[in-house]
Protein chains: 2
Amino acid sequence: MASGFETEDDGDDRGLLSDRIRNALTDEIATGTMAAGAALDEQQLADRFGASRTPVREALRQLAAGGLVELRARRGGVVARMTPERIMEMFETVAEIEAVCVRLATYRMTPLERSHLIELHDLSQPIVEAGDFDAYDSFNRQFHEAIYHATHNGFLAEQAIAVRNRLNAFRRTQLRQGERLRRSRDEHEAIMQAIAEGDGEMASRRMRAHMLNAATSLSRFIETNKPGGV
Amino acid sequence: MASGFETEDDGDDRGLLSDRIRNALTDEIATGTMAAGAALDEQQLADRFGASRTPVREALRQLAAGGLVELRARRGGVVARMTPERIMEMFETVAEIEAVCVRLATYRMTPLERSHLIELHDLSQPIVEAGDFDAYDSFNRQFHEAIYHATHNGFLAEQAIAVRNRLNAFRRTQLRQGERLRRSRDEHEAIMQAIAEGDGEMASRRMRAHMLNAATSLSRFIETNKPGGV
DNA sequence: AAGCAGGCTTCTGTATACACGAAGCCGCTT
DNA sequence: AAGCGGCTTCGTGTATACAGAAGCCTGCTT
């Protein structure tokens, strides 16, 4: 994680109650179970989770820090309203940060890291053939995180992951269009090419385009089935 | 602020107790009053602030979210250890984000915003002549935030400010070398030139160099008077 | 003397109780 | 009838109390 909380991953069962509540609420917000703008009553949530207000409060604060909810002093919190504009802003930000990462990574990655990345990329071929969206999603995360890591800048990597996660929370149903999968891999291919040539600037531009393509694809999806709210 | 907390700025007096404690702790950590690695005992802090553990806990969580302290589950928190490596990583990250911002800003700023930025920049001339460090610091923040704003990407601007603040917390005594002040303004000048020419890429490269120069200047300062150690 | 085990201490995590601020409602006034 | 002011109610912010885990110290064993 990017934030200074250290708990075992998302293992839902045991662990800190406040963390379990946070994870549960994160899911509910991400999946849209809790609509944007919905009021968050501490006591009510506490009852629902069979806990007291204390861990609920902590969970809400952490969510606020992550941007998922907004807390107004002495007036409680609401699920953060995500306008399409804001989501696009987040996408652009992720795209730019990714672009920075891949440029630095190109110049700094060790031969071992480059080899690892190539291996990873090759692995995606059969996944695309099979059209396995979940597997590709997992691979995709690995691919991008390998690039973050290869920047040899831990802080930047943390920031990248944090922003990415923050965005992930809002793309409930991912982009599940068969065509996009192949195009995504092709774009990865082009990025890998630039990396191989040691052209960080080129890799950067291609990465930015790659991310913006994904954003466009998603925005089309969002436009298609608008929920209800602002 | 970039985080979802909404309270009146740093007004220290009235307001939420947890916020006052958070601000106080932020200051103490930033100024080095609390050494890195120091254990943070909730009860002890509560006593010191004449409050109960509850607001102290909330303050600590917020600080953890901001990266100033590290919380280990059931084992309390410590002031985040900032190695020189990590500080440089943060600087590089800020430099890259600033570079992104100025590139986008160059392409997107309105004539009014450009005019405002030029005006701001012109204002810094007498400040440099006078060698007024505090005034320059204030101007500098305004200058950079004007650029964030001109990206017309609110999320990116928030991220930039957040990372910048996070870094600010650790540069206790700022770079107070007379020469650096003038060089800083010269670098701003060069950036302004690139903006005026509408060359976002150039502006971006110059901004990155500008920030890394500041980092080098600071790192020299840190090297000179090392506190206690890791 | 050194290593291990068990109890003890201390601190976090959670629950509960209390207080104050804020929002809505009702009655009064004009 | 409409606007304003006080009251009521609800919910957050803070305090206090309790339980359980992590680390430490002590005492025993080998």
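In this text the structure is predicted, and so the values were computed from the model without any measurement. The sequence lines fix the lettering, A, B, ..., with proteins before strands; numbering per chain opens at 1.
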Query raised in the report: Side-chain donor-acceptor pair under 3.5 Å between A:His210 and A:Glu98, yes or no?
Result: no
Requested in this report: State whether a side-chain donor-acceptor pair under 3.5 Å links A:Tyr148 with A:Glu158.
Outcome: no
Query - A:Ile127 versus A:Tyr136, closest heavy-atom pair with distance - result: CG2-N, 3.5 Å
Query raised in the report: Of the non-hydrogen atoms in A:Ala99 and A:Ser204, which two are nearest, and what is the gap between them?
Result: O-OG, 3.1 Å
Requested in this report: Keeping the roles fixed (side chain from B:Arg166, backbone from B:Gly66), state whether a donor-acceptor pair exists under 3.5 Å.
Outcome: yes
Report task. Ignoring hydrogens and angles, tell me if any N or O in the side chain of B:Thr216 forms a donor-acceptor pair with the backbone of B:Leu212 under 3.5 Å. Result -> yes
Query - B:His188 and B:His121 aromatic ring geometry - parallel, tilted or perpendicular at 30°/60° bounds - result: tilted
Requested in this report: Please list, by residue number, the residues of residues 46-55 of chain B whose heavy atoms come closer than 4.0 Å to an atom of DNA chain D; answer none if no residue qualifies.
Outcome: B:Ala51, B:Ser52, B:Arg53, B:Thr54, B:Pro55
Query raised in the report: chain B on DNA chain D: first and last contacting nucleotide, 5' to 3', under 4.0 Å to a heavy atom?
Result: D:dG13 to D:dG23
**Report entry** Nearest-0.5 Å distance that lies between atom CG in A:Leu63 and atom CD1 in A:Ile29
**Finding:** 5.5 Å
Produce the list of close N/O pairs, under 3.5 Å, pairing protein atoms with atoms of nucleotides 7-11 of chain C; give distances to one decimal.
from: C:dC11; atom 1: O5'; to: B:Asp41; atom 2: OD2; distance (Å): 2.8

Report summary line: Contacts of A:Glu58 and A:Arg74 projected onto DNA chain C by closest heavy atom; the upstream (5') one is A:Glu58
Query raised in the report: Within less than 4.0 Å of OP1 or OP2 of C:dG13, is there a side-chain N or O belonging to A:Ser18?
Result: no
Report task. Could you tell me whether the side chain of B:Met211 reaches within less than 4.5 Å of the side chain of B:Met207, counting heavy atoms only? Result -> yes
Query - Heavy-atom side-chain proximity of A:Arg57 to B:Thr54 below 4.5 angstrom - result: no
